[in-house]
Amino acid sequence: MKICISTWGNPEAWRYAGYVSDEGAAARGFSTLNLLVEGMGCDKIYIIVLNTLVSLQGLNSYDDVERRVAEYVENYLCLKPEHRNRVEMVVAPGTMKKQVGNFNEHFSTDLRNTRLKILTELYLRVINVVSGLQRQKVEVLLDVTHGINYLPVIASEAVEELAASISASLGEPVELEIYNADPFPGIEDQRLRGRLARSKHNLCHPVEDLGDHEIPMLTYSRLTRISIRPWHITGFMSYEESVGKLVSDVRECELSGNEVRSLVEVVRRISAAYRVGAVVELIKLIEGNRDIDDRIYKTLLQVVRCWQRNARIEVRERFIELTTKKLLDGIRLLIHAHSIVTGAKSTLEELEPVPKLG
């Protein structure tokens, strides 16, 4: 199973090129997406984009923002119908100030929000895809070719933590590779440059058909390869604040009751037992809380929904601002604990009963 994750900026102005990997795979297009689908063996692809891609005008909720971003990017995927179901989008909060028409639009967030939203969204989706793949090889490929500014850095951090969590969940190594294509070359021939642009009539085709010798060929190279083991999850188990809270503002949510507090307390004990190698205590905690993995998963879904509900779009005269609340490190604690529990459960199920002596 190969999970591929790609960071994207704004695809509108990208130009047509050929992409050739170090392994000899090749594809053409306005992005590396066709190469990931046809040449790199990706079973599932997640495209990370920022919410700053769209205008806030006429939008009333964060759901509207994500929906508009998804609809915008959808126009530029340029995939064959049979490959479309392999691709999903993850919309992350960005920070930007821009002028759109007569309005000044501000997107305000802490970049920690960006990282935690990427990590949480990817974990919730990927864990379902790889569930049941114990004893099978799982690879994660991160493509940073089209990411801009801070996004590739933030995504790299989130995806490495994701890979460690998936490895702990499976009880198996996960191979993480990071790829990047050479930048599109400067082309002095303005006519050729124009012909390589997207056609206004068909966004998935260049302005004119081009010969093989006219299309820039970009090398797609592996930047690094990391073999991640289940125990590497402990390297991420440090937290910047009290893990009792998951979101800075839980109004309009169901995340402040006794049920959530009791869940977090059990999760803290599970993580602590794992960190110090207290195997007996860990097994007792899991066996005494048989549905803990389901409860954690549902709580993570609630956290994302809570955060979305508390995002605010404020409109004043010629000024629109999107603000989001803070996602907190308690989310990472839940993700780590979920991966530990699912991995431990799978291991316990595979163990044969020890025969009694005598």
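Using a distance-only test at 3.5 Å, with no hydrogens or angles considered, no donor-acceptor pair links the side chain of Ser271 to the main chain of Arg268. A donor-acceptor contact shorter than 3.5 Å is absent between the side chain of Ser339 and the backbone of Ala168. Counting only distance, with no hydrogens or angles, the side chain of Glu214 and the backbone of Gly211 share a donor-acceptor pair below 3.5 Å. Between the side chain of His338 and the main chain of Leu124, no donor-acceptor pair closer than 3.5 Å is present. No donor-acceptor pair under 3.5 Å is formed between the side chain of Asn104 and the backbone N or O of Gln99. Under the 3.5 Å distance criterion, the side-chain polar atoms of Asp293 are left unmatched by any main-chain donor or acceptor of Thr342. In terms of modelled atom types and a separation under 3.5 Å, the side chain of Arg275 and the main chain of Met237 share a donor-acceptor contact. Side-chain atoms of Tyr150 come within 3.5 Å of backbone N or O of Thr95 as a donor-acceptor pair. Using modelled atom types, no side-chain atom of Arg222 and backbone atom of Glu177 make a donor-acceptor pair closer than 3.5 Å. At least one donor-acceptor pair closer than 3.5 Å links the side chain of Asp64 to the backbone N or O of Asn60.
With sequence neighbours excluded, no residue forms a side chain to side chain donor-acceptor pair (under 3.5 Å) with Tyr16.
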request  = Test Glu281 against Arg269 for salt bridge (charged side-chain N to carboxylate O under 4.0 Å, His left out), laying out the working first.
outcome  = CA-CA 9 Å; Glu281 177 68 14; Arg269 293 172 63 192; 3.4 Å; yes

inquiry  = The test is side-chain contact (heavy atoms from CB on, under 4.5 Å); show your working for Leu176 and Glu160 and say whether it passes.
reply    = CA-CA 7 Å; Leu176 171 62; Glu160 186 170 351; 4.1 Å; yes

ask   = What do the steps show when you test Tyr297 against Asn128 for side-chain hydrogen bond (donor to acceptor under 3.5 Å, both in side chains), and what is the final call?
value = CA-CA 10 Å; Tyr297 189 88; Asn128 284 329; 2.7 Å; yes

request  = Take Lys325 and Arg312, measure what side-chain contact (heavy atoms from CB on, under 4.5 Å) needs, and give me the verdict at the end.
outcome  = CA-CA 9 Å; Lys325 302 301 179 180; Arg312 294 289 180 264; 5.5 Å; no

message = Before you tell me yes or no, could you show the steps for Cys42 and Ile3 under side-chain contact (heavy atoms from CB on, under 4.5 Å), namely the whole-Å CA-CA distance, both residues' side-chain angles and the distance that decides it to 0.1 Å?
response = CA-CA 6 Å; Cys42 299; Ile3 304 293; over 6 Å; no

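Rounding to the nearest 0.5 angstrom, the gap separating the OH atom in Tyr46 from the SG atom in Cys4 is 10.5 Å. We find the CD1-CD distance between Ile166 and Glu161 to be 11.5 Å, quoted to the nearest 0.5 Å. The CD1 atom of Ile292 lies 4.5 Å from the CG atom of Leu263; values are rounded to the nearest 0.5 Å. One distance of note links CG of Leu59 with CG of Asn51; it measures 10.5 Å at 0.5 Å rounding. Atom-to-atom distance recorded for Glu317:CD and Asn102:CG is 10.5 Å, nearest 0.5 angstrom. A distance of 10.5 Å separates NE2 of His205 from CG of Leu203, quoted to the nearest 0.5 Å.
Side-chain heavy atoms closer than 4.5 Å link hydrophobic residues (I, L, V, M, F, W, Y) into clusters, and following such links, possibly through other members, connects Val138 to Ile226. The hydrophobic clustering, which links ILVMFWY residues whose side-chain heavy atoms are closer than 4.5 Å, places Leu301 and Tyr62 together. There is no path of hydrophobic side-chain contacts, each under 4.5 Å, that joins Leu111 to Val153. No path of Ile, Leu, Val, Met, Phe, Trp and Tyr side chains, each step under 4.5 Å between heavy atoms, connects Trp8 with Ile148, placing them in separate hydrophobic clusters. Residues Phe236 and Leu162 do not share a hydrophobic cluster, defined by chaining ILVMFWY side chains whose heavy atoms lie under 4.5 Å apart.
Ring centroid separation for the pair Tyr179 and Tyr220 comes in under the 6.0 Å cut-off.
Scanning both residues, Thr7 and Val144, for their nearest heavy atoms gives OG1-CA, 3.4 Å. Of all heavy-atom pairs between Arg198 and Val207, the closest is O-CG2, 3.7 Å. When all heavy atoms of Gln57 and Arg68 are compared, the pair lying nearest together is O-NH1, 3.1 Å. The two residues Leu322 and Ala311 have their closest heavy-atom pair at CD1-CB, 4.4 Å. Nearest heavy-atom pair, Ile178 versus Ser156, reported as atom, atom and distance to 0.1 Å: CD1-OG, 4.5 Å. When all heavy atoms of Val267 and Ala337 are compared, the pair lying nearest together is CG1-CB, 3.3 Å.
Pairs of residues two or more places apart, or lying in two chains, never qualify as salt bridge (Lys or Arg N to Asp or Glu O under 4.0 Å) while including a residue from residues 98-107.
A 4.5 Å side-chain heavy-atom check between Ile335 and Arg332 finds every atom pair outside the cut-off. A 4.5 Å side-chain heavy-atom check between Ile320 and His106 finds every atom pair outside the cut-off. Between Val247 and Leu328 there is no side-chain heavy-atom pair separated by less than 4.5 Å. Between Asn34 and Tyr19 there is no side-chain heavy-atom pair separated by less than 4.5 Å. Taking the side chain as every heavy atom from C-beta outward, Ser31 and Trp14 approach each other to under 4.5 Å. For the pair Lys345/Glu287, no side-chain contact is recorded, criterion being any heavy-atom separation below 4.5 Å from C-beta on.
Taking the six-membered ring where the residue is Trp, His336 and Tyr239 present tilted rings, their angle falling between 30° and 60°.
Partner of Thr32 under the side chain to side chain donor-acceptor pair (under 3.5 Å) criterion, chosen from Asn180, Thr145, Asp143: Asp143. When Val37, Leu33, Leu77 are each tested for a side-chain contact (heavy atoms from CB on, under 4.5 Å) with His83, only one passes: Val37. Checked against Val91 for a side-chain contact (heavy atoms from CB on, under 4.5 Å), the options Val54, Ile47, Val69 give a single hit: Val69.
Note on Arg112 versus Asp329: salt bridge recorded, some NZ/NE/NH1/NH2 to OD/OE distance being below 4.0 Å. We find that Arg84 and Glu74 are joined by a salt bridge, their nearest charged nitrogen and carboxylate oxygen being less than 4.0 Å apart. Using a 4.0 Å cut-off between charged side-chain N and carboxylate O, Arg229 and Glu172 make no salt bridge. The pair Glu88-Lys44 meets the salt-bridge criterion, with a side-chain N (NZ, NE, NH1 or NH2) lying under 4.0 Å from an Asp/Glu carboxylate O. Ion pairing of Glu121 with Lys117 is present here, as a side-chain N (NZ or NE/NH1/NH2) and a carboxylate O approach within less than 4.0 Å. Comment: Arg86 does not engage Asp43 in a salt bridge, judged by the lack of any side-chain N to carboxylate O separation of less than 4.0 angstrom. By the 4.0 Å N-to-carboxylate-O rule, Glu314 lies close enough to Arg316 to be salt-bridged with it.
More than 12 heavy atoms of other residues, nucleotides or ligands sit less than 6.0 Å from atom CD of Glu23. In Arg318, the CZ atom is not crowded: 12 or fewer heavy atoms of neighbouring residues, nucleotides or ligands sit closer than 6.0 Å. Environment of CG in Asp209: sparse, with no more than 12 heavy atoms of neighbouring residues, nucleotides or ligands closer than 6.0 Å.
Counting only N and O atoms by type, the side chains of Thr109 and Thr324 include a donor and acceptor under 3.5 Å apart.
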